[in-house]
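Since the structure is predicted, the reported quantities are computational estimates derived from the model, not experimental observations. Labels below follow one simple rule: chain letters A, B, ... track the order of the sequence lines, proteins then strands, and each chain is numbered from 1.
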Amino acid sequence: AQSVTQLGSHVSVSEGALVLLRCNYSSSVPPYLFWYVQYPNQGLQLLLKYTSAATLVKGINGFEAEFKKSETSFHLTKPSAHMSDAAEYFCAVSVNTGGFKTIFGAGTRLFVKA
Amino acid sequence: EPEVTQTPSHQVTQMGQEVILRCVPISNHLYFYWYRQILGQKVEFLVSFYNNEISEKSEIFDDQFSVERPDGSNFTLKIRSTKLEDSAMYFCASSARGEAVEEQFFGPGTRLTVL
């Protein structure tokens with residue numbers, strides 16, 4: 001069975017600082033990995049996804065994530081935080097097993113200080 | 001830009017009552033999903049739906065839950081007899097294809113409060 005662990009329910013950074021949101025996954029078969037972002041009163045929006053084509057994945061709004069199989073990690077980074085990045089971020093894993101399910105992590109709320 | 005919509009945004013109900021949560025998926029999508037998030041907890045998969053049938057469901061999706069596509073645009077989640085522990089944010093999602101690699105498009109959610 002798949003699972004996702006997001007380390008840190010809350011992360012606070014200063015504007016212009018590096019953003020690092022951590023995600024570790026568990027899967028018995030090759031996974032597809034996703035990062036979604038949720039702004040207040042909105043649905044989840046895809047930031048980026050890993051599909052095995054490349055281990056470093058670039059997404060929208062300057063975010064990127066690196067798939068590290070040896071560490072079972074898919075951490076999300078952005079070199080320089082902007083106030084508009086303040087939101088909740090969800091890591092998710094999905095695998096094909098005949099059908100499929102998408103399993104989400106608990107989410108990390110990112111605060112950006114001026 | 002096409003988006004998934006959900007109504008109502010907030011539903012308050014008494015324990016034991018039936019509720020129907022409504023979703024309008026993106027028009028050319030064929031696969032539909034419901035998730036829920038209890039406050040402070042993970043987003044949990046409930047059910048996926050394709051071609052008027054349930055494709056997958058989780059252990060949470062027991063006999064008190066049902067889904068339906070009553071017409072060409074709506075996708076509904078019915079909870080027959082609500083319990084206090086059903087209080088959560090319920091998200092609807094849709095995708096063009098039913099594959100693990102496919103992006104799902106989410107609605108803004110319905111906050112269900114059971115008193």
Let me know if A:Val93 has heavy atoms under 4.5 Å from chain B in its side chain, its backbone, both or neither.
-> neither
What part of A:Gln45 is in contact with chain B, defined as an atom under 4.5 angstrom from a non-hydrogen atom: side chain, backbone, both or neither?
->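 Neither part.
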Please list all pairs passing the side-chain hydrogen bond (donor to acceptor under 3.5 Å, both in side chains) test where one or both residues lie in [range], with sequence neighbours left out.
range	value
residues 99-110 of chain B	A:Thr102-B:Gln104, B:Tyr35-B:Gln104, B:Arg97-B:Glu102
residues 22-36 of chain A	none
residues 7-16 of chain B	B:His10-B:Thr113

Considering heavy atoms only, which positions within residues 105-114 of chain A lie below 4.5 Å of chain B?
-> A:Gly105, A:Ala106
Crowding at CG, B:Asp63 (>12 non-hydrogen neighbours, <6.0 Å) |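 No, CG of B:Asp63 has 12 or fewer neighbouring heavy atoms, counting only those of other groups under 6.0 Å.
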Around B:Leu39, counting heavy atoms of other residues, nucleotides and ligands shown, do more than 12 lie under 6.0 Å from its CG?
->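 No, the 6.0 Å shell around CG holds no more than 12 heavy atoms from other groups.
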Are [X] and [Y] connected in the hydrophobic side-chain network, where two residues link if heavy atoms are under 4.5 Å apart?
X	Y	value
B:Leu21	B:Leu84	yes
B:Ile26	B:Phe32	no
A:Ile60	A:Leu44	no
A:Met83	A:Val19	yes

When every non-hydrogen atom of A:Phe104 is compared with those of B:Val43, the smallest separation belongs to CB-O, 3.4 Å
Name the member of B:Glu44, B:Gln41, B:Gln37 that forms the most heavy-atom pairs with chain A at distances under 4.5 Å.
->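 Heavy-atom pair counts peak at B:Gln37.
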So do the side chains of B:Tyr33 and A:Lys101 get within less than 4.5 Å of each other, counting heavy atoms only?
-> no
Between A:Leu33, A:Val4, A:Ile103, A:Leu46, the one whose heavy-atom pairs under 4.5 Å with chain B are most numerous =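 Going by pairs under 4.5 Å, I would pick A:Leu46.
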